[in-house]
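Fair warning: this is a prediction, and the values are worked out from it, not measured in the lab. First the proteins, then the strands, lettered A, B, ... as listed; each starts at 1. What you see below is based on every heavy atom in this structure, not just the backbone, and it leaves out hydrogens, waters and symmetry mates.
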Amino acid sequence: MDEFILIFRHEDGSKIASPEQMQVWMQQTMDWIAGISAQNKFVSGTGLPFENARVVKPKGVVTDGPFGEIKETIGGFITVKADSVDEAVEFAKGCPVLLGDGNSVEVRKIAKGDGVH
Amino acid sequence: MKDFLLVFRADYNSMPKGSPEEGQAIMKQWMDWIGGIAAQNKLKDKGNALRSGGKVVSAGNVITDGPYTEIKELIGGYTVVKAESLDEAAELAKGCPILSAGGNVEVREINPM
Amino acid sequence: MEQPQLIPHLFRTEYSKITAVLCKFFGADRIEIAEDIASDTFLTAAQTWAMKGVPQNPVAWLYHVAQNKAKNYLKRDALFENKISSELKRSGQAFDEFEVDLSPQNISDSQLQMMFAICHPAISAEAQIGLSLRILCGFGIEEIADAFLTNKETINKRLQRAKQKLREEKIKIEFPGLPEIDERLTAVLTTIYLLFNEGYYSVSSDQTFRKELCLEAMRLCYLLIENEFTNRPQVNALLSLMCFHASRFEARMDKNGELILYNEQDSELWNKELIDKGKYFLNCASTGQTLSRYHLEAAIAYWNTHQADSKEKWENILQLYNQLLQLEYSPIAALNRTYAFSKANGRKEAIIEAEKLKLDENHFYFALLGELYTGIDNSKAKENIEKAFVLAKTRSDKLIIQRKLNHLISGISI
């Protein structure tokens with residue numbers, strides 16, 4: 001079994017949701033993760049607030065961001081266990097982030113045993 | 001202390017493919033950089049490197065294959081560090097070898113899920 | 001062996017075996033009784049042998065006496081009447097046939113199970129070490145007090161509390177189940193490593209005692225390896241690590257008991273046999289999927305058996321420390337990593353790395369900074385070594401730092 005990362009991409013990270021919307025989103029996310037955990041396929045995950053971010057570039061340049069430069073801002077990610085990328089994609093399909101217009105979930109296989117990580 | 005996510009981005013497609021010796025040297029740079037953060041007791045999770053292929057799931061369950069021609073800055077991996085502030089986390093990021101390959105490091109405060 | 005040495009020698013090797021078997025027999029709630037019977041056995045031996053001479057087979061004699069004493073205790077004990085004897089009757093075993101099993105197999109099983117009981121998560125690390133020293137290694141209260149730089153009363157109280165805890169938690173002397181073996185083994189290995197380090201690094205001046213502590217830690221680790229159930233890669237890695245360290249035991253002290261630094265040691269004095277054993281167990285450890293801290297530390301210790309500097313040696317040590325720190329941070333690993341970094345990547349870069357560590361209470365930190373700056377910025381070197389001198393706690397540490405400082409000052413004046 002391999003591990004895959006599911007990265008949530010929000011088209012407009014600066015869009016501010018109401019507390020009620022947040023509550024609904026949180027509940028949906030919890031249900032979604034619980035569903036993956038119930039299959040013993042959930043590894044870990046975290047949300048990333050849209051404020052408090054920087055981008056470090058070559059030659060010591062540090063900017064606020066990453067907003068504006070990259071069309072899709074990362075809102076969080078989870079890692080899951082799956083036998084194939086297709087199985088991981090199945091998990092991704094249930095992600096509540098996809099309810100937002102223009103949002104997407106990027107599915108990537110985690111490289112293990114490459115010596116660096 | 002808070003946790004910060006460091007996301008490594010680079011245009012991997014235009015990167016030259018090096019010799020095994022160069023690969024070894026780059027590997028050492030990464031190990032020494034992460035080891036230096038760990039030696040300051042600021043490494044939370046060494047994180048992962050990501051394979052270059054992948055899929056994107058969009059609204060309406062539209063699935064497309066990677067690589068992502070539309071994303072010039074592909075995510076190559078991530079690491080989680082501990083720091084007192086965003087600036088301190090950015091300071092840790094400055095030694096990241098991705099920068100010498102023309103890439104960048106996105107530094108994000110973590111919101112435990 | 002001369003008779004005056006015989007009793008202490010047998011006490012060291014047999015007391016812990018008898019105690020473990022009796023503990024297992026009576027249960028963890030009556031450790032004191034097991035200890036009393038074992039001690040009493042040696043007292044009887046001393047008295048009897050003084051009059052009648054040493055028997056042909058002293059060990060068998062001791063076992064026989066211990067068995068009889070246990071039997072007599074049970075006869076006297078009211079609890080036995082109510083509980084154990086009825087069980088014995090049920091099992092159809094006549095009282096006179098009843099024996100405490102002191103076969104080699106039961107001795108090693110009892111000692112292993114005792115190890116797991118003592119290293120139970122409910123017992124504090126300090127008490128685990130105290131109990132291990134007393135029950136698993138058979139050290140005297142006074143020796144333990146010396147090792148911890150405290151007095152007998154403190155150690156006695158600590159051991160009492162630990163035994164109380166064993167009773168309260170109703171800890172059984174048995175092997176943990178297979179699913180929890182690795183987790184419980186972690187605690188056992190931690191205690192064994194602490195025992196070893198207590199001997200290897202302790203400030204106690206008694207050399208013989210310190211060496212025995214190290215050997216005891218290695219013996220306990222070997223007991224785990226001999227048992228199929230606990231013969232795991234991380235156990236082999238720990239034994240390998242201890243073999244490599246112990247190989248330098250004779251070389252690291254001068255005649256006056258002062259520490260000799262690694263670089264200044266006469267490698268001819270390093271114990272080749274222990275180095276070979278270290279390699280052997282490191283090889284045994286390289287199975288399975290998990291890389292424990294002991295694997296990494298053993299590999300570092302392996303490279304340190306090559307005294308001469310080489311690019312390969314330091315690059316390997318640096319990468320091993322890089323990995324070790326990712327697994328588990330400790331200030332000493334951070335400092336050693338920085339030293340290896342200076343050897344592999346040069347001192348100028350290492351100074352930048354070292355300045356980030358900010359271990360401002362640690363005298364080793366300033367000693368390292370002093371060394372890195374020497375020849376690059378001697379006034380900074382002097383400043384740091386002086387800080388190290390102020391922070392150093394033991395006389396031996398202060399002495400080494402003073403030598404460095406003298407070295408530096410004489411170097412500058414030339």
- Item | Heavy-atom side-chain proximity of A:V62 to B:E91 below 4.5 angstrom | no

- Query: Which pair of non-hydrogen atoms, one from B:A59 and one from A:L98, has the smallest distance, and what is that distance?
  - Reply: CB-O, 3.3 Å

- Side-chain contact, heavy-atom cut-off 4.5 Å: B:R108 with A:T73? yes

- Message: Measuring from atom CG of B:N61 to atom SG of A:C95, what distance do you get when rounded to the nearest 0.5 angstrom?
- Response: 11.0 Å

- Message: Take a 6.0 Å sphere around CD of B:Q24 and say whether it holds more than 12 heavy atoms from other residues, nucleotides or ligands.
- Response: no

- Message: Using a 6.0 Å cut-off, check whether atom NZ of B:K82 has over 12 heavy atoms from anything other than its own residue.
- Response: yes

- Task: Output, in order, the C-alpha distance, side-chain angles, deciding distance and verdict of side-chain contact (heavy atoms from CB on, under 4.5 Å) for A:L48 and B:I110.
- Result: CA-CA 5 Å; A:L48 301 168; B:I110 283 185; 3.7 Å; yes

- Name the region of A:S44, side chain, backbone, both or neither, that has any atom closer than 4.5 Å to a heavy atom of chain B. neither

- Kindly compute the distance separating NZ (A:K57) from CD (B:E106), expressed to the nearest 0.5 Å. 11.0 Å

- Message: So, taking the atom named CD in B:E109 and the one named CZ in A:R54, what distance separates them when rounded to the nearest 0.5 Å?
- Response: 11.0 Å

- Under 4.5 Å to a heavy atom of chain B? For A:V89 that would be both

- Message: Please classify the contact between A:L99 and chain B as side chain, backbone, both or neither, with a heavy-atom cut-off of under 4.5 Å.
- Response: neither

- Message: I'd like to know whether CE of B:M1 has more than 12 heavy-atom contacts from other residues, nucleotides or ligands below 6.0 angstrom.
- Response: yes

- Message: Can you confirm whether A:I110 sits close enough to B:Y78 that some side-chain heavy atom of one is under 4.5 Å from a side-chain heavy atom of the other?
- Response: yes

- So do B:V80 and A:T46 actually touch side chain to side chain, heavy atoms under 4.5 Å? no

- Message: If you compare all heavy atoms of A:A111 against all heavy atoms of B:R51, which two are closest, and at what distance to 0.1 Å?
- Response: CB-NE, 3.9 Å

- Query: Can you tell me how far the CD1 atom of A:I5 sits from the CG atom of B:N48, to the nearest 0.5 Å?
  - Reply: 7.0 Å

- Note on the structure: One should read off an interatomic distance between B:S58 OG and A:E106 CD, to the nearest 0.5 angstrom, of 10.5 Å

- Measure across A:V56 and B:A93 and return the closest heavy-atom pair with its distance rounded to 0.1 Å. CG2-CB, 3.7 Å

- Task: Identify which part of B:L50 has an atom lying under 4.5 Å from any heavy atom of chain A, answering side chain, backbone, both or neither.
- Result: both

- Item | Any A:I74 side-chain heavy atom under 4.5 Å of B:V7 side chain | yes

